[in-house]
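All remarks here apply to the structure that follows.
In this chain, numbering begins with 1 at the start of the sequence shown. Scope of the values below: all heavy atoms of this structure, side chains included, with no hydrogens, waters or symmetry mates. Note that ligands are numbered from 1 as they come in the structure, with each ligand's atoms numbered from 1 the same way. What you see is a predicted model; the values in this text were computed from it and never measured.
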Amino acid sequence: MRLGLKVDVDTLDGLTKGVPALLDILAARGIRASFFLALGPDNSGRAVFRVFRQRGFLEKMLRSRAPAIYGWRTMLYGTLLPAPRISAAASEVLPRITAAGHEAGLHGFDHVRWHDRLLTMNREEVDEEIRQAQAAFVDMMGNPATSFAAPCWQATQTSRAALAEASMLYASDTRGTQPFFPRFGSWVSPLLEIPTTLPTLDELLGFNGCAVDDFFSLILARLATGRPQVFTLHAELEGGPFTEAFARFLDLCLAQDVAFFRLGDWAQELLQRPQDIPAAPVFQGRLPGRAGTVSHQGSPEVRS
Ligand SMILES: [Zn+2]
């Protein structure tokens, strides 16, 4: 059983509190993971206004008790309080991530803007989001990031074309079943996509009485399929109120000989034989427990 841990860091709180907690948990178990950081303004407060615009959002906020999890400050950033720059705090945390042997990549610049507006952004706007995120990364690390994970799994032909020209090794923008080259109409992106294959904690927590340990039992059961899996966790959740349950889950994985991998290492391995990687269409669809739509992998196709 092989499992890639993809850690999304969306907010300033997630970076300054969640990431250090996760680094401790992973170090204690000798596990290496892939972290993806949003490096622009923390506008999470704007997400509150999705209540009025997106079906399912209010229900999810109440079910997941988001205010208790994220805290009212985070929810007001970008609305009543000015949005703090996540990169201001990242200069201390980001080098710690890579020094511990983890991979660090980009999770967009303005997480909320990418989520809300990507589907209608033109190429210049997408380029600007990637450019600003990469500039902040280079500032701190001295070298560019080679991986990108789209905020809230939003990918378009425009974003994939921009990423393909941004010297990325791979991206992790979608929900799906296996690595592929994304196809939009007749255009196939030359940039490898490694999708998230498992549900996330915030999607299932509270659904039909699903408690946090039930959730992780379900994830563990899904690993038995034999195919490598990618699990997305959030610094704000698994590095916040759910750290103990997440640590128990990792211990159960290790007891069952689950091998953990970094997504970048898997990408290198896969790209040794690109002819074996299928293409697949990408479509927008709904997921249980998630407001709005996300980008999904369609059925894999053999490339000619
Ligand atoms: Zn995110």
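Between E103 and R262 there is no salt bridge, since no side-chain N of the basic residue sits under 4.0 Å from a carboxylate O of the acidic one.
Hydrophobic clustering (side-chain heavy atoms under 4.5 Å, transitive across Ile, Leu, Val, Met, Phe, Trp, Tyr) groups L220 together with L205.
Checking D10 against the Zn ion (ligand 1), an N/O/S atom falls under the 2.8 Å cut-off. Among the atoms of H107, an N, O or S atom falls under 2.8 Å of the Zn ion (ligand 1). With 2.8 Å as the limit, H111 counts as an N, O or S neighbour of the Zn ion (ligand 1).
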Validation: residues 132-143 side-chain donor-acceptor distances under 3.5 Å, sequence neighbours left out:
unit_1: Q134; atom_1: OE1; unit_2: A145; atom_2: N; d: 2.7
unit_1: Q134; atom_1: NE2; unit_2: A145; atom_2: O; d: 3.1

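When hydrophobic side chains of Ile, Leu, Val, Met, Phe, Trp and Tyr are connected at separations under 4.5 Å, L270 ends up clustered with F36, L169, Y170, F181, V188, L192, I194, V230, F261, L263, W266, L271, I277.
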